[in-house]
Amino acid sequence: MEGKPQIRSIVSGVTASRALIEAALEHRADALLVHHGYFWRDENPCVVGIKHHRLKLLLQNDISLFAYHLPLDHHPELGNNAQLAALLGLQPDGRFGENELGWLGTVPAALARNAGELAALVELRLGRKPLLVGDPAQPLRRVGWCSGAAQGLLAEAAAAGADVFLSGEISEQTAHVAREAGIAYLACGHHATERLGVQALGERVAAEFGIRHRFIDIDNPA
Ligand SMILES: [Zn+2]
């Protein structure tokens, strides 16, 4: 969405919610950079209610909105999955699933030797306690991960050779699939696993163009 012609300051955040737009206004941002934007597939396209209020706030205040969804999960350096690997010390060596959105790799034994230790590492570094489905003693030869709502990739992660799969959300069937596919699953939070890419992109843009950048975390328990 187009705002004022010059951008000197950007605010980044996970979702272009009303709270984030208000925070951007408070910080006098010229542009907002997010992972979750507007107009999703199959969404009602009418600009009413919540969407009306959000768009009105942006338009009235001439704030540009830049939203990058899957490219910001996928990017090999700045993406959520690359940044998640860097934060947790995972060593990527492969991809799997549709559009190769799932990442595969190993965890150094010094960081975690089994699923339970990986869960503790996630809690320490992401600041959020994950939900572990499976045996905490499950050894970690191969790990798969994909930020956000990628619980549907679980069976493919198992088929690709992962002993543990890490993503954001969990559905009812996820627990059954994990048990039957013989893979441990770590639900680490959709929001918690998607805070990193937009921050890395914001920092890169700020350095490249000599502008200010501030990440604002609007807490979300999901
Ligand atoms: Zn997401």
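One-based numbering, in listed order, for ligands and for the atoms of each. Owing to the predicted nature of the structure, the values given are computational and were not obtained by experimental measurement.
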Hey, can you tell me if His69 and His36 have their rings parallel, tilted or perpendicular (30° and 60° cut-offs)?
-> tilted

Distance-only polar pair, side chains of Ser12 and His213, donor-acceptor under 3.5 Å = yes

Residue-atom pairs from the protein, N, O or S only, that lie under 2.8 Å from the Zn ion (ligand 1) | His36 NE2, His190 NE2, Glu194 OE1

What residues, two or more places apart in sequence or in another chain, satisfy side chain to side chain contact (heavy atoms under 4.5 Å, CB included) together with Pro108?
-> Gln91, Leu111

Short question: side chain of Gln83, backbone of Glu77 - any donor-acceptor pair under 3.5 Å?
-> yes

Do Asn80 and Asp73 meet the criterion of a side-chain donor-acceptor pair at a distance under 3.5 Å?
-> yes

Classify the angle between the aromatic ring planes of Trp103 and Trp145 as parallel (below 30°), tilted (30 to 60°) or perpendicular (above 60°).
-> tilted

